[in-house]
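Following: one structure in structure tokens, then a few remarks.
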Amino acid sequence: MFLAALMVMSVVAMSAAFAGAAAANHDDETTVTATAGNGDRAYQGQTVTASDVEPLNSNDNTVDLYLGDPSEDGEWIREVDVENMNGGTTGDIEIDTTNLESGSYWIETGDGDLTFSVRTQNLDAEFADGVVTNLQGESSETTLDIESPRSTFPVHISSDDLSGDQLVQIFGVTEDSNEDHSDDGYVVVHNRGSHDADFQNLEAGEYNITVEAGDTAAEDTATITVSDEEVSVDFTESTFLEERSNVAEVTVDFDNADNAFLVVGDEDEVNYEVVLEVTPDDSDDEVTVSMNTALLHTLEEADEDGVHDAVSADNDATVEIVDVVHDGPLTNPLAAGDYQLDLGGAYDGDLTQEYDTAYLTLEERSTLSEDAVSTHTAPAGDVTDADGFADATVTESDEIAAGDQLFVSVETSGLFGYFADGVDADGISLSLTEQDNSPNANPQTWSTDDDTLDATLISANQSEGQLIYVIDYDDLYDGAPEDFDDSLGFDVDFTVSEEDNDYVDDEDESAESEFSLEERNTEWDDSTAEIPNSANALATGTTNVAPGTEFTTRARAPGTFVTFSDVEVTEDGTFSAEYDFSGYNAGTEFTLRATDPVGSQHITANSILVESEQPAEADLDWNVNVDPAEPVEGDDVTVTVSVENLGEEAGAASYDFLLDGESQIEGDVELEGGESDTDSFTVEDAAAGDYNWELLVDGESESDGTLTVSEADENGEENGDENGDENGDENGDENGAENGDENGDEDDSDDDGTPGFGVAVAVVALLAAAMLALRRQN
């Protein structure tokens, strides 16, 4: 029950809030009078009055309201009460027009008809800046721009987000004036136009401002964001450099700003000045404004949306032409020189709330190089745009197989403004002219200038300085590509005409190249006459079709096998089909076939299987050597691992030499036949003992053994000699043997206290054990 009560209270509270927001403050009520004949004109929301009106029906004192003309049958709207009769025969009427649509109305009374008309007032309100700050300074200032076909009327400004006192502060209304209705939650400004607003010291956030005509039903809502961060709009460069005839790009960085005004040029300095409004998709975007220098001089006015082919923006931003200050359009394209760029937060004939300044520098166009044209080919297909060209296998070539695609590219640093959308490529043409024409006849020419050449510009990449045309050359010869059995040569010419193009001064500029159109030709190599019956047998061929072309090949021996292999033509015009013939006998005859995708032409060759030769193999021979061969305690012992390739083919392997389970040397070798390699390591001052070793090759054990370091036997030899000399051979033998054994045992007990390579190895082992224990503890 408690939750239900909360829901009901919430709904009631919201209804009250919405009702309060929708209620208009019509303190400035305007009335008009309905009269006989030509009545007054009221705006929707105003009150229509009339006095001394005789009721149509004396029983209930009402008159009838109609939509239309009294001379015609009108549409009855409703009955209207006649008030203030005071016992007489006439009284007064009041008609609220809030719910009446635009049109002519008449009132039928007891003594005649009264007329009036209703108009709907349109009202649009918007802040000049979508974002302002609450900081001290100009960044908090903007204007509330009000548009309406009605020029003079009171404007009531209110907001559920702001108090009356805050509205007084924002719109600068004088306290205790007729404009200050802060106690009622609104302030008054007058008439359409721009009204100053300052949001300094206001709490950051988004505010919805309701703007109403004080005496009609017209209203609108303007939204503004107040930020506690500084608003800035800046150019990313101090100078933007571009060639005349290209598309110049100017990049603007927005920070907490919803829009900015960009002024290009200065009328006093360069006789050129236009104003653009740039609106980013996000208030923290970087926007690149593109300006086509081949069209900028034509600006006089934009369409109703401010849009013109000369300017555009990226990243879903918009750019609109606000003003063309100079007397335009100009006769000629913009001259080379420096054009000042300025950014500001508002524009009212002058730029206000200035942000940044820079320059657009236009340089003269570079002339066309004579060798700027080249031809390219790609497999037969249908490339119609830049993406398709990028995905295709394209090869530069002056020999085009009939049926393959033909492209013409032009390297140029200028003219790209002519290839933007909506621009005519004035004075720019591409033509093909036959080389071997008939005697006494002029060579035939196909050109884009007269639409006899079917050439489509699929890419005009200014950053790469390249134009790419795809050419449909079906009209250059008779018949289908698969039926073409000739070779035709053509000259290619790209021309910029001095007569028709604004950027050529003295004489035509042209770049030339040539190509030949060839009959398609594919052949199996002579080596395919005999093919080994191996698992990876190869059948190769050559062709003049475009690299990247895919053939389907087939090997077929009737009653024995049929197998297929798809191949692709390489850059050098070869192809290689791989088959598995390991299951078939030598002597089996079969036919090879390659199918060209153009016209499905088949190219065949006869072949026979022959015995496959065993390929030569690598033979890596590994050895482990110890120096000295019989080391004694205290020696420096060097272990060397060597390998030699005893085979004819190259071989490779990885190796790892382990001593008592620890890796000492490891690596990779790659040896041609007859080559060898070695690797080694040295143990200094080796301790006596036995050490197991193993050589791993490619993870498998190649060889293993034990390295023995013998003990030094100095004490045994010395005692044996002394006793033998003193007591004779017998005693010498006994004592020598006895003392030698005894001394030897004592020595062994001392040395065997630290087995292996001695103290150093023991210390390393202890450290490893400690680290392992610490790791387990962690």
Side-chain angles (χ1 to χ4, degrees), residues 374-383 389 392-409 432-438 444 446 454 469-492 513-531 537-556 562-579 589-608:
S374 57
T375 55
H376 306 258
T377 187
D382 188 22
V383 172
F389 183 82
T393 302
V394 179
T395 305
E396 183 174 349
S397 177
D398 58 4
E399 293 183 359
I400 312 299
D404 287 340
Q405 295 185 92
L406 168 62
F407 303 95
V408 173
S409 69
L432 303 181
T433 303
E434 61 178 342
Q435 291 178 337
D436 298 326
N437 56 297
S438 302
Q444 187 171 356
W446 298 263
D454 189 353
Y469 294 87
V470 59
I471 310 298
D472 184 350
Y473 52 81
D474 286 349
D475 293 338
L476 305 187
Y477 64 93
D478 295 328
E482 60 268 25
D483 299 328
F484 182 76
D485 57 359
D486 203 348
S487 176
L488 299 175
F490 299 90
D491 291 325
V492 184
S513 184
E514 62 181 3
F515 73 94
S516 61
L517 194 61
E518 304 288 341
E519 176 187 1
R520 297 178 74 85
N521 182 33
T522 300
E523 296 179 349
W524 290 101
D525 293 342
D526 293 340
S527 61
T528 58
E530 294 183 349
I531 295 179
L538 295 179
T540 59
T542 58
T543 183
N544 69 339
V545 305
T549 300
E550 295 180 354
F551 288 167
T552 296
T553 70
R554 186 192 72 181
R556 180 174 180 270
V562 58
T563 182
F564 297 88
S565 176
D566 292 332
V567 300
E568 183 174 302
V569 178
T570 63
E571 190 173 352
D572 62 359
T574 63
F575 61 92
S576 181
E578 182 175 321
Y579 300 100
E589 296 181 349
F590 64 98
T591 302
L592 287 169
R593 187 181 77 179
T595 302
D596 187 339
V598 174
S600 299
Q601 301 180 83
H602 300 312
I603 301 93
T604 61
N606 295 323
S607 184
I608 187 172

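Listed by chain and residue number, Asn536, Leu538 satisfy the side chain to side chain contact (heavy atoms under 4.5 Å, CB included) test with Glu578 (two or more places apart in sequence, or in another chain). Glu396 is linked by a side chain to side chain contact (heavy atoms under 4.5 Å, CB included) to Ser374, His376, counting only residues two or more places apart in sequence or in another chain. Qualifying side-chain hydrogen bond (donor to acceptor under 3.5 Å, both in side chains) partners for Ser576, counting only residues two or more places apart in sequence or in other chains: none. Residues passing the side chain to side chain contact (heavy atoms under 4.5 Å, CB included) test with Thr375, sequence neighbours excluded: Asp398, Leu406, Val408, Val492, Phe515. In this structure, Arg554 has no salt bridge (Lys or Arg N to Asp or Glu O under 4.0 Å) partners at least two apart in sequence or on a different chain. Applying the side-chain hydrogen bond (donor to acceptor under 3.5 Å, both in side chains) rule to Asp472 yields no partners; only residues at least two apart in sequence or on another chain are considered. With sequence neighbours excluded, the residues forming a ring pair (Phe, Tyr, Trp, His ring centres under 6.0 Å) with Tyr477 are Phe484, listed by chain and number. Taking Phe389 as the reference, Phe407 meet the ring pair (Phe, Tyr, Trp, His ring centres under 6.0 Å) condition, with sequence neighbours excluded. By the side chain to side chain contact (heavy atoms under 4.5 Å, CB included) test, Ser565 pairs with Thr553, Val567, Ala577, Tyr579, sequence neighbours left out. Every residue two or more places apart in sequence or in another chain was checked for a side-chain hydrogen bond (donor to acceptor under 3.5 Å, both in side chains) with Glu434, and none qualifies.
Counting only distance, with no hydrogens or angles, the side chain of Tyr473 and the backbone of Gly403 share a donor-acceptor pair below 3.5 Å. When atom types are taken as modelled, the side chain of Asp436 and the backbone of Gly489 share no donor-acceptor pair closer than 3.5 angstrom.
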Mind running side-chain hydrogen bond (donor to acceptor under 3.5 Å, both in side chains) on Glu518 and Ser487 for me, showing each step along the way?
CA-CA 5 Å; Glu518 304 288 341; Ser487 176; 3.0 Å; yes
Under 3.5 Å, which donor-acceptor pairs do the side chains of residues 522-530 form with other protein atoms, sequence neighbours left out?
{"residue": "Thr522", "atom": "OG1", "partner": "Thr543", "partner atom": "OG1", "Å": "2.8"}
{"residue": "Trp524", "atom": "NE1", "partner": "Ile603", "partner atom": "O", "Å": "3.0"}
{"residue": "Asp525", "atom": "OD2", "partner": "Thr540", "partner atom": "OG1", "Å": "2.6"}
{"residue": "Thr528", "atom": "OG1", "partner": "Asp525", "partner atom": "O", "Å": "2.5"}

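To the nearest 0.5 angstrom, Thr542 atom OG1 is 7.0 Å from Asn521 atom CG. Expressed to the nearest 0.5 Å, how far CZ of Arg520 lies from CG of Asp404 amounts to 4.5 Å. Atom-to-atom distance recorded for Gln405:CD and Asp382:CG is 7.0 Å, nearest 0.5 angstrom. Considering CD1 of Ile608 and CZ of Phe590, their distance stands at 9.0 Å, rounded to 0.5 Å.
The shortest heavy-atom contact between Val598 and Ala380 is CG2-CB, 3.7 Å. Closest approach of Ala555 and Leu592 over heavy atoms only: CB-CD2, 3.9 Å. The shortest non-hydrogen separation linking Ala401 to Asn544 is CB-O, 3.6 Å. Residues Ala392 and Val383 come closest through the heavy atom pair CB-CG2, 4.1 Å. When every heavy atom of Leu517 is checked against every heavy atom of Ala402, the shortest pair comes out as CD1-CA, 4.2 Å. What you find for Thr377 and Ser397 is that their closest heavy atoms are CG2-CB, 4.1 Å.
Residue Gln435 places its CD atom among more than 12 non-hydrogen atoms of other residues, nucleotides or ligands, all under 6.0 Å distant.
Contact check for Phe490 versus Ser516: no side-chain heavy atoms found under the 4.5 Å cut-off.
Pairs passing the side-chain hydrogen bond (donor to acceptor under 3.5 Å, both in side chains) check and including a residue from residues 597-608, sequence neighbours excluded, read Thr595-His602.
The only member of Asp475, Asp491, Leu476 that meets side-chain contact (heavy atoms from CB on, under 4.5 Å) when paired with Leu432 is Leu476.
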